[in-house]
Amino acid sequence: NTNNPNNPDDVNDEVDGDKPVVGVTATDAQAVEGVDNTLVFTVAQNNLSNFDTIVKVSLGISTLVAADIASISYTNAAGVVVSLTTATQIQNFLTNGDSVKIPAGSTSAPAITVTVIDDNIYEQSENIVLTISNASNATVGSNASATGTVLDEDNGNPNDGSTTDGDKPVVSITATEAQAIEGVDNTLIFTVTQTNLSNLDTTVKVSLGATNTVEAADIAKISYTNAAGVVVTLDKLSDIQAFLTNGATVNIPAGSLSAPAITVTVIDDAIYEQSEDLVLNIAVDANSPTPATVGSNASATGTVLDEDNG
């Protein structure tokens, strides 16, 4: 088609050689929580036009969700400035998108600004992808989508090799039921927790502490959920001894603050012992998806007492 050498997208239109090609760009493509909380997207076209260009903007495959966003601001196709600040409004935009307008005589629409929330969740990085489609009076070019990335803030430590670990959790172990009395209340309960939520699992190694005085023969069973999410009950002496010797790994699931409890049931024996201590230590597993750190309470003690003589 010799009348249409520059824009052969429509062979039936002989006068669209200057028809604009429209794209979307992340003109501010990185936000850092608590430091620079904004992402900016711009819908633009390569040529001026005497006609308005209307473009549908919608969400692409993204990891950012409505709960991560404080507000979305843009100008819709009717020329109305829109500011979305409620979770419902933001979710509606993410679900349905909206149309924007490049006014006649202009090469870009007013910017779309996404302001993210500075939360306490360890996320490393998340992204939001905006795509464009259904352009009127223009064609959509190769840059039909744009990605903005949200990073966690720094923790202020210049020597830890990371600038995005401000929300990294600190893990602890606590004896949430710290005393057992033989024949009365035979259980000790230990809980592994972390300070912040994470979008990734946190894997923790649990092992016997050096000051432990409880032996396998003092224990009837140990119940816990392992790192694979399998509930484990150890009630054979050899299995209990293996736990005391080798420890086990547990998981704080993504989106949770604690692992399922570790419950130790002691035996009501006839041996005079006064008291014995079961000491459990924790360390972050080398392969933990969340590179958490261990806090000051890296060890917890449960005490087993003899029963009263009546």
Side-chain angles (χ1 to χ4, degrees), residues 23-44 57-75 81-95 97-98 100 108-132 143 145-172 193-203 252-257 284 288-296:
V24 61
T25 306
T27 42
D28 191 341
Q30 179 175 288
V32 179
E33 292 182 2
V35 180
D36 177 3
N37 284 8
T38 57
L39 299 168
V40 180
F41 297 85
T42 302
V43 177
V57 178
S58 55
L59 188 70
I61 298 174
S62 306
T63 57
L64 205 70
V65 296
D68 298 314
I69 299 173
S71 67
I72 300 175
S73 301
Y74 64 99
T75 301
V81 176
V82 178
S83 182
L84 310 176
T85 57
T86 70
T88 300
Q89 291 171 335
I90 292 167
Q91 184 59 60
N92 183 65
F93 179 90
L94 298 182
T95 302
D98 202 355
V100 300
S108 63
I112 302 166
T113 301
V114 179
T115 303
V116 300
I117 290 173
D118 179 15
D119 57 32
N120 293 320
I121 302 170
Y122 181 71
E123 297 144 324
Q124 290 184 322
S125 70
E126 300 171 286
N127 65 66
I128 182 170
V129 179
L130 295 185
T131 65
I132 59 171
N143 54 333
S145 69
T147 302
T149 302
V150 181
L151 302 176
D152 282 340
E153 70 276 19
D154 189 20
N155 67 358
N157 182 352
N159 302 314
D160 63 2
S162 174
T163 59
T164 60
D165 57 358
D167 295 324
K168 186 163 66 175
V170 177
V171 295
S172 312
T193 61
Q194 62 187 10
T195 52
N196 291 350
L197 294 172
S198 173
N199 279 353
L200 308 168
D201 291 345
T202 303
T203 307
I252 301 175
S256 179
L257 290 174
V284 177
S288 174
T290 298
T293 58
V294 177
S296 56

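The basis for the numbers below is simple: all heavy atoms, side chains too, and nothing from hydrogens, waters or symmetry mates. Residue numbers count from 1 along this sequence.
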Quick one: does any side-chain atom of [X] pair with a main-chain N or O of [Y] as donor and acceptor, under 3.5 Å?
X: Ser288; Y: Thr202; answer: no
X: Gln91; Y: Ala87; answer: no
X: Asn196; Y: Tyr122; answer: no
X: Thr193; Y: Leu257; answer: no
X: Thr75; Y: Val81; answer: no
X: Thr63; Y: Asn127; answer: yes
X: Asp201; Y: Ala254; answer: yes

Close side-chain approach of [X] to [Y], heavy-atom, < 4.5 Å:
X: Asp68; Y: Glu123; value: yes
X: Val57; Y: Val43; value: yes
X: Ile128; Y: Leu94; value: yes
X: Ile61; Y: Val129; value: no

With Val116 as partner, the option from Leu151, Leu64, Asp36 fulfilling side-chain contact (heavy atoms from CB on, under 4.5 Å) is Leu64
Given the options Val114, Thr115, Ile117, Ile69 meets side-chain contact (heavy atoms from CB on, under 4.5 Å) only with Val114
With rounding to the nearest 0.5 angstrom, report the [atom1] to [atom2] distance, [X] to [Y].
X: Lys168; Y: Ser198; atom1: NZ; atom2: OG; answer: 11.0 Å
X: Asp28; Y: Thr38; atom1: CG; atom2: OG1; answer: 5.0 Å
X: Thr95; Y: Ile90; atom1: OG1; atom2: CD1; answer: 11.5 Å
X: Ile112; Y: Ile72; atom1: CD1; atom2: CD1; answer: 9.0 Å
X: Ser145; Y: Ile132; atom1: OG; atom2: CD1; answer: 9.0 Å
X: Leu39; Y: Thr149; atom1: CG; atom2: OG1; answer: 7.5 Å

For Asp98, check side-chain hydrogen bond (donor to acceptor under 3.5 Å, both in side chains) against everything at least two apart and list the hits. Tyr74
Ser71 vs Thr85, side-chain hydrogen bond (donor to acceptor under 3.5 Å, both in side chains): CA-CA, chis, key distance, verdict: CA-CA 5 Å; Ser71 67; Thr85 57; over 6 Å; no
Side chain to side chain contact (heavy atoms under 4.5 Å, CB included) with Thr25: which residues, sequence neighbours excluded? Thr27, Asn143
Do you know which two heavy atoms are closest between [X] and [Y], and how far apart they sit?
X: Leu200; Y: Pro289; answer: CD1-O, 3.4 Å
X: Ala111; Y: Val40; answer: CB-CG1, 3.7 Å
X: Ala26; Y: Thr147; answer: CB-O, 3.4 Å

